[in-house]
Amino acid sequence: MNSELLMSKIEALLFVMGDEGITAKQLTQLLDAELMEVEAALSELKTNYEQSNIRGITLKNLAGTYQLTTKPTMAETIKKLVENPTSNVLSAASLEVLAIIAYKQPITRVEIEDLRGVKSDRPIQTLVSRGLIQEVGRAEGTGRAILYGTTKEFLNYFGLQTIEELPPLPEEALKDDEQETDLFMTKFQEAFSSDEN
Amino acid sequence: MNSELLMSKIEALLFVMGDEGITAKQLTQLLDAELMEVEAALSELKTNYEQSNIRGITLKNLAGTYQLTTKPTMAETIKKLVENPTSNVLSAASLEVLAIIAYKQPITRVEIEDLRGVKSDRPIQTLVSRGLIQEVGRAEGTGRAILYGTTKEFLNYFGLQTIEELPPLPEEALKDDEQETDLFMTKFQEAFSSDEN
Amino acid sequence: MSYEVKLDAFSGPLDLLLHLIHRLEIDIYDIPMAELTAQYIDHIHAMKVLELNEASEYLVMAATLLAIKSRMLLPIHEGEMEEAEFEVEMEDPREELVNKLIEYKKYKEAAIELKELESDRSLVFTRPPSDLSSMVPDTQLALFDASVNVFDMIGALQKILRRKNLRKPLSTRVARQEISVKDQMFAVVDSLKVNGGKTAFSKLFPYEDKTTIIVTFLSILELMKRQVVSVEQQNNFEELYVILDKEAPEDELRTIDE
């Protein structure tokens with residue numbers, strides 16, 4: 001693969017992976033390229049970001065994981081985004097958390113974060129303090145994590161009589177993807193216990 | 001602000017906002033710049049992404065907001081990350097209902113069913129749960145039937161900036177059709193009158 | 001004529017009629033009712049698994065077609081009609097159906113265009129917004145726009161689902177590509193050799209992720225089947241031991257197709 005094409009593919013992959021990032025090894029598998037090629041392309045990309053004045057983003061290597069981030073010089077600009085009440089980036093996070101809780105309640109923080117793929121403790125806190133969600137119990141097992149559910153204020157806020165009035169979701173949505181693996185693990189364990197008897 | 005700096009700041013903001021997107025107007029507020037400057041910078045950024053072979057990302061206007069997205073040519077590479085990329089496409093029935101709603105909104109379920117000649121409650125439910133349509137009001141008269149319209153997610157899902165960007169309905173063809181029908185009716189009447197004579 | 005017709009191939013009776021009109025190369029403005037009706041009825045006979053509520057709609061259309069057909073067959077006797085009746089008879093019995101078909105066809109074609117847009121859009125991916133919540137005071141976090149409604153929540157969920165689709169596979173799928181059962185058979189044999197040909201079953205699973213554990217398990221089963229290893233247990237509930245029975249099984253393993 002020519003190096004420009006490789007760089008563009010790497011940029012696209014880094015971009016969609018968001019804050020998770022991706023390792024050079026994973027890139028070699030996805031791109032069917034040699035590690036050396038990939039590393040050369042990564043380094044060239046980084047130089048390109050750093051040297052171009054029109055780029056606001058750059059490439060960061062954290063513990064072997066590469067990710068795109070904004071340049072440190074952009075910090076002031078991004079701070080404005082946070083301070084500006086018209087930008088919806090913040091309420092968007094809360095709305096996502098609220099939507100997950102509304103449809104999957106009762107649900108723990110860890111499960112919410114698993115679905116969203118990002119830390120969610122702060123949006124949860126704010127939603128609790130706004131009275132839209134509340135603790136509705138504790139999960140079984142070690143840790144006894146807090147289970148969250150929606151409140152009467154939530155219904156009030158969205159003009160609903162009952163939670164059943166929420167428009168239904170498609171059945172496959174938000175289903176646990178790990179079911180299949182779990183099923184296998186269960187069988188795996190069963191097979192062993194019967195072996196032992 | 002010099003235009004390179006403006007472009008880099010816009011790139012950083014677009015990057016941070018991700019699939020939430022940002023409007024040109026929000027950019028002017030955050031960057032304390034004129035709308036014309038911002039629009040020029042956006043257009044220059046887009047040209048830069050499109051013309052550079054090492055870029056895997058580009059700029060797109062989706063549902064009225066600007067977003068960074070990967071280039072369509074990167075699709076094959078990125079789909080390697082996705083388990084089953086085509087599993088979520090809409091069924092023919094859902095697309096039909098959606099087309100009717102998109103062009104005739106606001107519209108009631110009964111009107112949709114009348115047009116299609118078949119019950120449509122299930123596709124409507126799917127479309128609501130996919131976030132593509134929503135209740136936009138109630139029809140007057142007894143029953144006060146729900147009126148449906150398309151959402152922002154609809155625009156996003158089909159890659160449109162605004163609803164006006166939808167391809168026009170085949171009205172032209174229709175006019176020809178009507179003429180032909182008229183012609184047909186004339187001949188039909190002629191046949192009858194000659195019968196009469 | 002007998003051929004398989006799937007119900008979900010058509011999205012309703014109008015769709016089926018359009019299909020027949022197209023296939024029979026019929027002029028939509030001059031439909032031969034007898035032919036179309038016969039074909040339509042043939043088709044709904046062939047559609048074996050009609051769901052009850054949709055079946056009724058297909059049957060209503062069949063009745064409509066038969067009614068139109070019979071009205072067209074009615075002989076018109078000269079002078080038998082009053083003027084007023086004549087006005088009514090002037091209408092082509094097919095007109096309403098034709099208008100419906102034409103109107104429906106418009107949206108069916110629009111749906112095809114949407115399908116294309118859908119497929120173009122599916123080539124383009126984006127990323128989740130960065131998490132900036134650590135930069136702001138709590139009070140600002142849940143500052144919803146007054147117009148936020150339940151449908152906005154569904155929109156938010158759709159975004160999560162899109163991202164989740166991109167997020168989940170890297171850990172499972174890439175990992176799956178990373179090791180094959182065959183590779184893992186070598187790894188098991190190697191670790192048995194290092195441990196003098198015999199090791200505790202649980203020691204063969206120093207892995208964190210499920211996929212590797214599963215692949216390792218499958219590779220041990222495969223090795224047992226090939227009589228490269230055997231498994232023994234002294235007493236109930238005691239540790240299982242895996243024993244290497246062949247000294248140099250590598251050549252044999254190398255011939256395995258993956």
Side-chain angles (χ1 to χ4, degrees), chain B residues 15-20 60 67-72 74-75 78 80-83 85-86 88-93 95-96 98-100 102-103 115-119 128-131 134-135 151-153 157-160 166-167 169-171 173-174 177 180-181 184-185 188-189 192 195-196, chain C residues 8 11-15 28-30 53-54 57 61 76 78 89-90 92 95 98-100 102-115 117-130 132 149 151 154-159 161-163 165-166 168-170 172-174:
Chain B
F15 179 81
V16 166
M17 292 301 288
D19 56 13
E20 206 58 48
K60 219 172 152 58
Q67 295 183 18
L68 294 180
T69 69
T70 55
K71 288 182 179 170
M74 298 290 128
I78 293 163
K80 288 187 188 160
L81 289 172
V82 186
E83 200 105 321
T86 53
N88 270 334
V89 299
L90 294 167
S91 69
L95 281 168
E96 249 176 60
L98 194 53
I100 293 171
Y103 287 97
L115 254 167
R116 296 185 64 222
V118 72
K119 279 223 182 308
V128 168
S129 64
R130 297 276 304 255
Q134 65 177 13
E135 191 180 323
T151 60
K152 231 177 119 173
E153 168 68 12
Y157 187 81
F158 290 102
L160 303 168
L166 274 180
L169 265 192
E171 286 293 342
L174 188 73
D177 287 346
E180 271 183 63
T181 325
F184 170 87
M185 288 311 285
F188 186 80
Q189 280 160 3
F192 263 101
D195 242 23
E196 285 276 281
Chain C
D8 57 9
S11 61
L14 290 174
D15 194 20
I28 195 167
Y29 300 105
D30 189 12
N53 62 342
E54 285 197 11
E57 285 154 344
M61 179 57 76
I76 297 160
E78 274 178 51
E89 284 298 320
M90 278 296 291
D92 187 323
E95 192 186 350
V98 169
N99 287 342
K100 271 199 147 179
I102 289 169
E103 183 73 359
Y104 170 73
K105 193 162 174 255
K106 272 200 315 195
Y107 293 100
K108 192 177 157 58
E109 281 163 9
I112 292 168
E113 302 226 30
L114 285 183
K115 178 108 211 139
L117 290 175
E118 179 188 48
S119 119
D120 289 348
R121 174 64 177 86
S122 75
L123 299 177
V124 158
F125 299 84
T126 176
R127 72 186 287 280
S130 303
L132 303 177
N149 62 31
F151 298 101
I154 292 191
L157 283 174
Q158 290 307 325
K159 279 201 181 127
L161 290 175
R162 258 200 294 270
R163 283 177 219 153
N165 221 5
L166 275 174
K168 77 181 172 202
L170 194 67
T172 54
R173 190 173 153 165
V174 171

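Numbers restart at 1 for each chain; the letters A, B, ... are given by sequence-line order, proteins then strands.
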Inter-residue atom distance [X].[atom1] - [Y].[atom2], 0.5 Å rounding:
X      : Y      : atom1 : atom2 : value
B/F158 : C/S119 : CZ    : OG    : 11.0 Å
C/Q158 : B/K152 : CD    : NZ    : 15.0 Å
C/L157 : B/R130 : CG    : CZ    : 12.5 Å

Is it the backbone or the side chain of [X] that comes under 4.5 Å from a heavy atom of chain C, or both, or neither?
X      : answer
B/K60  : side chain
B/I100 : both
B/L166 : side chain
B/Q67  : side chain

field: C/E109, part contacting chain B, at a heavy-atom distance under 4.5 Å
entry: side chain

- line: In terms of heavy-atom contacts, B/A99 and C/A110 come closest through CB-CB, 4.0 Å

message: To check you understand the geometry: which heavy-atom pair defines the closest contact between C/E57 and B/G117, and what is its length?
response: CB-O, 4.2 Å

query: Which one of B/S91, B/G131, B/P72 has the most heavy-atom pairs closer than 4.5 Å to chain C?
result: B/P72

- line: Per-residue tally against chain C (heavy atom, under 4.5 Å) across B/T70, B/D19, B/L95 peaks at B/D19

What I'd like to find out is whether the side chain of [X] reaches to under 4.5 Å of the side chain of [Y], using heavy atoms alone.
X      : Y      : result
C/Y107 : B/L169 : yes
B/Y157 : C/L117 : no
B/E153 : C/I154 : no
B/I78  : C/L123 : no

task: Starting from the C-alpha separation in whole Å, work towards a yes-or-no answer on side chain to side chain contact (heavy atoms under 4.5 Å, CB included) for C/E103 and B/L115.
output: CA-CA 7 Å; C/E103 183 73 359; B/L115 254 167; 3.1 Å; yes

message: Would C/R127 pass as a cation-pi partner of B/F15, given that its NZ or CZ must be under 6.0 Å from the six-membered ring centre and within 45 degrees of the axis?
response: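 Judged by the rule, C/R127 and B/F15 form a cation-pi pair.
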
Most contacts with chain B, counted as non-hydrogen pairs under 4.5 angstrom, among C/K108, C/K100, C/K105, C/K115: C/K115

query: Short question: side chain of C/E118, backbone of B/V89 - any donor-acceptor pair under 3.5 Å?
result: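 Not a single qualifying donor-acceptor pair exists.
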
